Amino acid sequence: MVRRCLAACLPPAWVTADEAYGQDWSFRRLLEQHNLGCVVAVPKSQQIKCLAGVWRIDELIDDAPAGAWQTLSCGQGAKGPRVFDWAAAKLPVNIVFDPDPPTHHRRVMARRSLSDPSELLPRLRARRCGPGSRERVDGRLR
């Protein structure tokens, strides 16, 4: 679908995807090559690679300090308020993909259940570096 939009000169401003697409590095790379910001779900076993080593995404999230988590609402749901803990951290530059200087900012994000902290939904986010790359989330620039 993304390729069809690009071929029709209708590029999306940003893309979201579930684990099936999010765990596919070639899909994420395609988005970056076309300067599309994205937030994609990934499995807890997703590997994060950099010069310092290789980690599973759930290990990185488990190491987050208590102060890294912020309780935020996702809005009203059918069963009441949808409130979760959220945390995010910038990922190091990936020398395999990134030119010097890097063209994208990448972050690992996680949503955690308030009632069961072991219920974790990890995500990866990427956006273009440089002027005009700030994005609007919930009415605020991030």
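None of the values given here were measured: they were computed from a predicted structure.
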Please name the pair of heavy atoms, one in [X] and one in [Y], separated by the smallest distance, quoted to 0.1 Å.
X	Y	answer
Phe84	Ser113	CD2-CA, 4.1 Å
Gly22	Ala17	N-CB, 4.5 Å
Ile61	Met109	CD1-O, 4.5 Å
Leu30	Arg3	CD1-NH1, 3.7 Å
Pro43	Gln23	CG-OE1, 3.4 Å
Ser118	Lys44	O-NZ, 3.5 Å

Expected output: side-chain [X] to main-chain [Y] donor-acceptor under 3.5 Å:
X	Y	answer
Glu59	Arg56	yes
Arg128	Gly37	no
Arg123	Leu121	yes

Report yes if some heavy atom in the side chain of [X] is under 4.5 Å from a heavy atom in the side chain of [Y]; otherwise report no.
X	Y	result
Val39	Leu124	no
Ile57	Val108	yes
Tyr21	Leu31	no
Val83	Leu114	yes
Cys38	Thr16	no
Ile48	Val54	no
Glu32	Arg106	yes
Pro81	Gln76	yes

message: Distance check, rounded to the nearest 0.5 Å: Gln33 atom CD versus Leu6 atom CG?
response: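 Between atom CD of Gln33 and atom CG of Leu6 there are 11.0 Å.
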
Interatomic spacing from CG in Leu91 to CZ in Arg107 - rounded to 0.5 Å |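 Between atom CG of Leu91 and atom CZ of Arg107 there are 8.5 Å.
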
| request: Say whether Trp86 and Val40 are linked into one hydrophobic cluster, either directly or through other cluster members, by side-chain heavy-atom distances under 4.5 angstrom. | output: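 Looking at the clustering, Val40 is in a separate group from Trp86.
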
Trp69 ring centre to Arg112 NZ or CZ under 6.0 Å, with the angle to the axis within 45°?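 Judged by the rule (NZ or CZ under 6.0 Å from the ring centre, within 45° of its axis), Arg112 counts as positioned above Trp69.
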
